[in-house]
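This report concerns only the one structure given below.
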Amino acid sequence: MKAVVFSLGCKVNAYEGQAIINLLERMGYEVSDKPEAADVYILNTCSVTAEADKKSRQAVERLKKFNRDAKILVLGCSSQNSPERYLCNDTVTAVSGVGGKIEAVKRFIDEISKKAERFYGTGLPGIYEDNLSPAATKTRGYIKIQDGCDNFCSYCRIPYLRGRSRSRKVDSIVREAQEVATHSKEIILTGINVSDYYSSGSGLTELVYALKDIPARKRLSSLECEVVDERLLVALKECGFCDHFHLSLQSGSDAVLKRMNRHYTVEEYLEKVELIYKHFPEAAITTDMIAGFPTETEEDHIIGMETARKAKFAAIHVFPYSEREGTTAAKLPQLEKAIRSHRAAQLIKLGTELKNNFIKKNIGRVAEVYAETEENGISEGFTTNYIKIYSPLKAGEMGKVKLVEPYLDGIKGELV
């Protein structure tokens, strides 16, 4: 039988989706992660924004078009947020949430041949669920180290959907990293809030040192600025971690940050940016910014743009503010969507300018590039500071490349 595991949203969802794929393959299924014809669909949903919820619901109909008789299990953040929106859809066979995804899939496979209840709802996990075994990848390998979040930002539903922060044990992470390094030259540590990693007396810095001897290039996914300090940066440099930092900002205005319930000021954030550049002079610092947060003034927006310039971001991921029912921010006076869109467009334009500046700054350098895909003799890969490089390297190779000139969304490189 053929199964499709289709994951939307974050890298954590992608990691969990790969674990489900591995499970189904061990159960004898032919499995794909692309929307295509199949007998069974596992839809791993996202609810980070209202648009993500909408896309998750639309994905049900999209998958069903391939096979009207297929069985569909919906799980993840969107179905945790609103299970009734999926249960009311007769084309959905069963619904689960965030907790116990592996158990939900096993139960689904066991029960699809008989009349069974449609809702596998569980409470949010109180401890880290260490039962995920993703399928091997030939390029970058993701390792989930943490789940949940304790930040309770005023615009976000994730702590209510994913639960409180909980971390994976160091030895479990190291074992998976050793395995991943046998087939991948790069490892990315991911989680819902990686900065909050803490297990049995070990924080993020201690985990970094525990991974020092893993024979692969290593990266961290998104960080909060509060966790950045001298100890962590020294550890990252000593242990072979890449000079790319996705440092969440969300707003460059102190007034807006306070209403967002973000626990730092612009000055504190920029101090951490300078600390990163001190230890990693060629670092790419990327970020997320929300445009048109409730009560954001034009002055707040302009101040935010200036903050982005001061930080010299290599890229900005821009999100127009999206109301999330049940959040504090949804109760504040809302800006017109036209204003949100206009400010988002300005931030996107600024992000393009800053990205181009960063690319130009790197022209002429010789950099280590990990080639991931290849077509017609040209590969696409990334430097340690996450610039996309088009070069003659073969897919799966890592080598030294001279960065010659801007090309498409990155830089054209020559072997050295």
Side-chain angles (χ1 to χ4, degrees), residues 1-48 52-125 129-137 142 144 147 158 161-163 190 192:
M1 291 184 68
K2 177 74 176 289
V4 164
V5 179
F6 188 52
S7 296
L8 297 95
C10 66
K11 294 295 190 296
V12 172
N13 247 20
Y15 177 93
E16 292 169 351
Q18 285 297 317
I20 294 170
I21 288 173
N22 197 25
L23 169 68
L24 291 173
E25 287 177 339
R26 295 199 308 269
M27 296 174 77
Y29 279 81
E30 176 190 351
V31 191
S32 169
D33 62 358
K34 303 290 191 302
E36 56 188 66
D39 305 292
V40 171
Y41 294 101
I42 313 292
L43 178 59
N44 195 15
T45 61
C46 176
S47 185
V48 70
D53 265 323
K54 180 181 176 182
K55 287 182 178 179
S56 294
R57 293 193 298 271
Q58 290 174 337
V60 173
E61 303 308 320
R62 180 182 176 192
L63 295 175
K64 200 68 176 182
K65 287 180 181 178
F66 292 105
N67 179 2
R68 301 304 301 181
D69 298 321
K71 305 296 184 181
I72 299 179
L73 168 63
V74 179
L75 41 70
C77 288
S78 183
S79 53
Q80 180 78 34
N81 186 34
S82 304
E84 67 282 354
R85 291 197 173 187
Y86 297 95
L87 288 166
C88 71
N89 187 335
D90 290 339
T91 66
V92 172
T93 310
V95 178
S96 189
V98 168
K101 288 186 178 181
I102 293 297
E103 289 77 12
V105 172
K106 289 178 179 176
R107 180 175 172 184
F108 175 65
I109 296 302
D110 286 343
E111 295 186 353
I112 56 177
S113 61
K114 60 184 180 181
K115 189 73 173 178
E117 60 179 304
R118 298 179 62 211
F119 184 52
Y120 304 162
T122 61
L124 292 173
E129 296 182 329
D130 198 358
N131 61 348
L132 302 174
S133 301
T137 58
Y142 289 90
K144 181 181 170 185
D147 206 336
I158 295 304
L161 303 179
R162 281 274 179 178
T190 190
I192 297 300

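Bear in mind that the values here come from a model prediction, so they are computed numbers and not experimental data.
- When the side-chain contact (heavy atoms from CB on, under 4.5 Å) test is applied to A14, no partner is found at least two apart in sequence or on another chain.
- With D53 as the partner, the side chain to side chain donor-acceptor pair (under 3.5 Å) test is satisfied by one option alone out of S82, S79, S47: S47.
- By the side chain to side chain donor-acceptor pair (under 3.5 Å) test, N89 is found to be paired with E61, T91, residues two or more places apart in sequence or in another chain being considered.
- At a threshold of 4.5 Å between non-hydrogen side-chain atoms, the residues E111 and T93 do not count as touching.
- Here CZ of R26 is found 5.0 Å from CG of N22. Values are rounded to the nearest 0.5 Å.
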From CA spacing to verdict: side-chain contact (heavy atoms from CB on, under 4.5 Å), V4, V40: CA-CA 6 Å; V4 164; V40 171; over 6 Å; no

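- Remark: Y29 engages no residue in a side chain to side chain donor-acceptor pair (under 3.5 Å) (not counting sequence neighbours).
- The closest side-chain heavy-atom distance from N44 to L8 is not below 4.5 Å.
- Side-chain contact between I42 and L24 is present, with at least one heavy-atom pair separated by less than 4.5 Å.
- Every residue meeting the side-chain contact (heavy atoms from CB on, under 4.5 Å) condition with Q80, not counting sequence neighbours, appears here in chain and number order: V98, L124, L161.
- Not a single side chain to side chain donor-acceptor pair (under 3.5 Å) links S96 to another residue, sequence neighbours left out.
- A search for salt bridge (Lys or Arg N to Asp or Glu O under 4.0 Å) contacts involving D147 returns K144, R162, R166, not counting sequence neighbours.
- In this structure, the side-chain contact (heavy atoms from CB on, under 4.5 Å) partners of K2, at least two apart in sequence or on a different chain, are E30, S32, E36, A38, D39.
- Between the CE atom of M1 and the NZ atom of K71 there is a distance of 9.0 Å, given to the nearest 0.5 Å.
- When all heavy atoms of L73 and L75 are compared, the pair lying nearest together is CD2-CD2, 3.8 Å.
- Contact check for R107 versus D110: no side-chain heavy atoms found under the 4.5 Å cut-off.
- Partners of P35 according to the side-chain contact (heavy atoms from CB on, under 4.5 Å) rule, which considers only residues two or more places apart in sequence or in another chain, are F6, R62, L63, F66.
- A distance of 10.0 Å separates OG of S56 from CG of N81, quoted to the nearest 0.5 Å.
- Using a distance-only test at 3.5 Å, with no hydrogens or angles considered, no donor-acceptor pair links the side chain of N13 to the main chain of S7.
- Partners of Y86 under the side chain to side chain donor-acceptor pair (under 3.5 Å) rule, at least two apart in sequence or in another chain, are S78.
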Derivation and outcome, side-chain contact (heavy atoms from CB on, under 4.5 Å), residues D33 and Q18: CA-CA 8 Å; D33 62 358; Q18 285 297 317; 3.9 Å; yes

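- The salt bridge (charged side-chain N to carboxylate O under 4.0 Å, His left out) pairs that include a residue from residues 76-102 are E16-K101, where partners are two or more places apart or lie in different chains.
- Other residues, nucleotides and ligands place no more than 12 heavy atoms under 6.0 Å from the NZ atom of K55.
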